[in-house]
Protein chains: 2
Amino acid sequence: MGALYNEVADRLQAQVQDGVFRDGDRLPGVRALSRQFGVSVSTILHAHQTLEARGYVQARERSGYFARLPLRDAPEPVMQTDRSRPVPVNAREMTVELCADEQKRMVPLSGAIPHADFLPFRQIQQSALWAARRGIETLEYAFPGKEPLRRQIAQRMATIGVPITPEDVLVTNGAQEAIILGLRAVTQPGDIVAVESPSFPGILQALEVVGLRALEIPTHTAEGLSLEGLELALEQWPVKACVVVCNHSNPMGARMSDERKQQLVSMLAVAGVPLIEDDIYGDLYHSGERPKPARAFDHTGNVIYCSSVSKTISPGLRVGWMLPGRYMANARQHKYFSNLATSSIPQMAVAHFLEQGGYDRYLRFARQNYRQATERMRTAVARSFPEGTAISRPQGGFVLWVQLPPGVSGTLVYQLARVENINVAPGLMFSISNKFESCLRINCGNPWSDRIDHAVVRLGALAHEVQARSI
Amino acid sequence: MGALYNEVADRLQAQVQDGVFRDGDRLPGVRALSRQFGVSVSTILHAHQTLEARGYVQARERSGYFARLPLRDAPEPVMQTDRSRPVPVNAREMTVELCADEQKRMVPLSGAIPHADFLPFRQIQQSALWAARRGIETLEYAFPGKEPLRRQIAQRMATIGVPITPEDVLVTNGAQEAIILGLRAVTQPGDIVAVESPSFPGILQALEVVGLRALEIPTHTAEGLSLEGLELALEQWPVKACVVVCNHSNPMGARMSDERKQQLVSMLAVAGVPLIEDDIYGDLYHSGERPKPARAFDHTGNVIYCSSVSKTISPGLRVGWMLPGRYMANARQHKYFSNLATSSIPQMAVAHFLEQGGYDRYLRFARQNYRQATERMRTAVARSFPEGTAISRPQGGFVLWVQLPPGVSGTLVYQLARVENINVAPGLMFSISNKFESCLRINCGNPWSDRIDHAVVRLGALAHEVQARSI
């Protein structure tokens with residue numbers, strides 16, 4: 001079945017590429033095509049969706065489908081390899097600004113936050129109701145975490161190459177807190193911590209909370225953290241920890257190969273530097289198998305694994321966890337000192353959700369949504385943005401990393417877009433050394449809509465405008 | 001009605017004091033007393049309860065009520081006024097040990113944690129179910145807090161002399177997190193912070209998390225923080241913040257008078273030192289009116305008010321809040337950086353609980369329970385512990401501060417009790433300078449039972465044993 005709509009899509013695409021339909025031409029109606037290809041209407045609709053994602057077809061409300069010729073295929077951003085120095089992390093008001101109440105009416109192309117339509121709301125609700133019906137156990141401090149949840153996590157970890165027991169799990173308020181507890185467990189204020197560059201702003205903020213200095217390591221859009229860059233950094237600086245998103249890093253969507261993960265783990269073990277692994281996007285791979293975490297290659301307890309349900313089930317539950325490895329005692333104590341425990345009912349709800357077995361079924365749906373939404377956004381950006389714009393090819397997750405042509409300010413595009421109620425993340429947020437001034441991160445975690453389509457067209461126009469001004 | 005059972009209790013007490021009934025004598029049956037006094041059986045039962053709390057009657061299962069002569073009335077602990085120096089706070093494994101899983105089967109006289117029987121479980125459950133049924137809003141990051149909860153908090157604060165708007169409220173994971181965010185908002189690592197002595201261990205842990213030095217200020221068992229001590233400290237040291245529990249401090253149960261609160265607020269405002277007020281026990285006053293928080297006397301935004309529902313509604317929900325005053329921008333940012341937001345469903349549940357109006361009704365019940373439980377524990381401790389033991393007279397909350405006779409080690413009593421599965425909090429936990437080696441804190445947040453009764457008798461016997469060894 002999958003082959004059939006793909007076949008139809010390929011033939012239609014060929015017609016567009018060969019000029020049978022020119023850019024902007026209206027395609028024959030769905031019924032007509034159904035007759036023409038001798039397939040069902042739903043196969044035609046499926047083929048249209050595929051072509052939309054590829055950029056060869058545009059749907060216009062109440063008007064039908066129109067041919068589109070993708071102007072060109074955008075290249076991927078080039079890795080920035082200039083040497084870094086450790087820098088104390090300073091608050092970036094911008095991030096809070098991006099998340100403030102008043103921004104909620106804006107077009108949400110900024111935060112890496114999944115849209116409610118992509119989340120399994122009804123099942124979460126059922127699980128939350130189940131949890132709320134539990135006995136007085138919901139009244140208790142659930143430190144270091146509800147046993148049923150820790151058991152579910154242990155079971156899932158075993159399926160991705162990390163055989164652990166429930167006692168190895170510490171439940172947290174999301175992965176952000178897990179990363180902070182991991183940093184606290186292995187560093188002292190003022191210490192140097194190696195991070196990816198560009199880096200997820202939450203990781204930079206975690207470093208700031210603990211009072212650490214960040215050392216930025218070049219990161220490749222496809223292969224992830226540069227091991228050569230890390231090796232140099234370890235030789236040159238007294239690095240005390242290293243924070244890495246090995247699977248579908250944010251903002252680039254890169255995935256390290258198993259071989260590189262293995263090298264990373266052993267390089268850090270030899271150097272005696274703990275690895276803090278953030279794997280929140282691990283389950284959201286776009287194709288193939290669930291990639292292993294770096295923790296699967298750790299035999300010394302040196303990897304502190306962090307994850308959460310915020311990108312998969314629900315950000316609002318605030319349930320995350322960590323496997324602190326041999327740093328458990330410290331991490332436990334810091335969790336207790338910080339806020340005693342994570343709320344009981346949300347923990348029980350997640351345990352129930354995982355136990356019910358609906359998670360894998362839902363993940364198949366989520367992965368397909370995110371892959372399609374990301375491909376569609378990539379096509380839309382390639383079409384609207386100035387020539388010379390480079391775009392990442394994420395292998396998972398739902399964000400795009402866009403590098404504007406040299407000299408074009410992403411910050412300026414961000415500021416102009418805000419005036420038009422379009423919220424996008426400026427590249428500056430992803431570094432502490434002003435490295436990504438010409439970049440933007442675009443959230444693809446939304447169902448496609450005219451509103452999003454128009455917003456991307458406007459972003460492209462603003463980028464052209466900024467380019468024109470800067471020449 | 002209240003007068004009637006009190007009258008009966010007074011007359012029975014007089015009979016015990018006058019030797020009509022001697023220590024250990026069985027009292028007449030409930031029906032007999034009902035006839036004798038010409039009152040209902042339930043009035044007699046109520047009178048017995050009152051006398052039990054006062055220490056003049058002991059109920060023995062299936063045997064009836066027995067007269068008891070309180071041996072003496074224990075004095076209150078004397079304020080320790082020796083001058084302190086700022087000390088960096090170091091992890092106290094003890095606290096985590098006290099809260100670990102494996103301790104759950106012990107007699108819980110350690111943590112200041114309310115027993116489930118004293119919590120409004122059914123109403124919380126109804127509110128949690130209501131919250132779980134909400135729409136997709138439960139999926140969202142609830143930063144800086146769900147509006148309905150912030151509105152309820154604003155309404156309640158207005159009734160205790162603090163007129164604020166919902167925008168003044170920042171929701172946190174319990175008061176512990178609120179205190180940490182307050183400290184982060186106004187200090188830098190290494191700074192000196194003035195705290196009560198003895199101090200709630202959570203406050204010392206908060207200082208440790210932020211990397212601060214604690215300066216202990218003598219605190220009176222009845223009047224609270226010594227203003228003279230604080231004044232001296234402010235002259236002598238560059239204090240950057242001051243953390244105080246003005247209402248029913250933990251462990252002493254002290255309450256500052258309105259006049260002293262006012263002096264505290266103005267002294268700190270003049271000195272330019274922010275006051276972080278922890279008011280979690282404010283609603284649990286034993287008699288009279290709800291005491292005002294220090295925040296009610298603040299007109300400059302210099303008081304950072306912190307509270308939660310952990311001592312009143314449910315510890316397991318992990319819902320707290322703060323009014324950061326003029327430090328809102330900083331506190332907000334630190335909250336966002338630490339864990340983005342507090343879980344949505346628990347926030348909605350608390351909002352619903354408060355909105356339903358059941359909170360005040362429940363509080364009347366809780367206050368009576370805690371007062372009785374505390375009085376009863378006080379009597380039991382006075383009866384069992386060595387002569388020369390001093391006991392606090394808390395004006396709210398549900399912990400007792402017990403000072404053993406000079407030279408008797410509370411730590412040793414704590415350790416011996418643990419072997420017998422009795423968990424009590426050693427005085428050392430409440431200071432960073434080994435000031436309260438001869439003290440214990442006893443949790444009274446449990447319904448009275450034979451198990452508790454026996455545990456207190458054993459604690460007393462262990463204290464005698466330790467005293468005998470130390471002579």
Side-chain angles (χ1 to χ4, degrees), chain A residues 91 93 95-96 99-101 111 113-114 116 119 121 124-125 128-129 131-144 172-174 176-177 180 184 189 202 205-206 208-209 211 310 314-320 329-330 332-334 336-346 349, chain B residues 91 93 95-96 99-101 111 113-114 116 119 121 124-125 128-129 131-144 172-174 176-177 180 184 189 202 205-206 208-209 211 310 314-320 329-330 332-334 336-346 349:
Chain A
E93 277 295 343
T95 319
V96 179
C99 199
D101 286 341
I113 300 174
L119 297 173
F121 173 61
I124 298 165
Q125 193 169 49
L129 286 168
R133 281 191 204 101
R134 284 321 88 197
I136 53 166
E137 60 177 307
T138 60
L139 300 177
E140 291 164 4
Y141 288 117
F143 174 79
T172 62
N173 295 308
Q176 178 73 10
E177 185 173 286
I180 289 174
R184 271 197 208 298
Q205 290 156 7
E208 187 187 342
V209 165
S310 300
S314 164
L317 286 173
R318 309 306 306 122
V319 174
N330 267 354
R332 246 174 96 100
Q333 181 180 294
H334 285 296
Y336 186 79
F337 284 12
S338 297
N339 48 41
L340 285 84
T342 293
S343 192
S344 299
I345 292 175
Chain B
E93 276 294 344
T95 319
V96 178
C99 201
D101 286 341
I113 300 173
L119 297 172
F121 173 60
I124 298 165
Q125 193 169 50
L129 285 168
R133 281 191 204 101
R134 287 319 89 198
I136 53 166
E137 60 177 307
T138 59
L139 300 178
E140 291 164 5
Y141 287 118
F143 175 78
T172 61
N173 295 311
Q176 179 71 10
E177 184 172 287
I180 290 174
R184 271 198 208 296
Q205 290 156 7
E208 187 187 340
V209 165
S310 301
S314 165
L317 286 172
R318 309 306 306 123
V319 173
N330 266 354
R332 245 174 96 100
Q333 182 180 295
H334 285 297
Y336 186 79
F337 284 13
S338 298
N339 47 42
L340 287 85
T342 293
S343 191
S344 299
I345 292 177

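Chain naming here is simple, since letters A, B, ... match the order of the sequence lines and numbering starts at 1 in each.
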Between the OG1 atom in A/T138 and the CG atom in B/L317, the distance rounded to the nearest 0.5 Å is 7.0 Å
Non-hydrogen atoms of chain B under 4.5 Å away: do they reach the side chain of A/L129, the backbone, both or neither? both
For each of A/A206, A/P189, A/A349, A/A341, tally heavy-atom pairs with chain B at distances under 4.5 Å, and name the one with the top tally. A/A341
What part of B/L139 gets closer than 4.5 Å to chain A, counting heavy atoms only: side chain, backbone, both or neither? both
Just to verify, what does A/S343 make a side-chain contact (heavy atoms from CB on, under 4.5 Å) with, not counting sequence neighbours? A/P346, B/R318, B/P346
Side chain, backbone, both or neither: which part of A/I180 has a heavy atom under 4.5 Å from chain B? side chain
Rounded to the nearest 0.5 Å, how far does CD of A/Q205 lie from NE2 of B/H334? 11.5 Å
For A/L119, is it the side chain, the backbone, both or neither that has a heavy atom under 4.5 Å from a heavy atom of chain B? side chain
Per-residue contact mode, A/R134 against chain B (heavy atom under 4.5 angstrom): backbone
Nearest 0.5 angstrom please: B/S338 OG to A/N339 CG, how far? 9.0 Å
Quick check for you: to the nearest 0.5 Å, what is the distance between A/E137 atom CD and B/F121 atom CZ? 8.5 Å
For the candidates B/P315, B/S314, B/A128, which exhibits the highest count of non-hydrogen atom pairs separated by less than 4.5 Å from chain A? B/P315
Sub-3.5 Å donor-acceptor pair from the side chain of A/Q176 to the main-chain atoms of B/L340, do we have one? no
Flag the one option from A/T172, A/V209, A/I124 with the top tally of heavy-atom pairs under 4.5 Å to chain B. A/V209
Results of side-chain hydrogen bond (donor to acceptor under 3.5 Å, both in side chains) for B/T342 - residues two or more places apart only: B/N173, B/K335
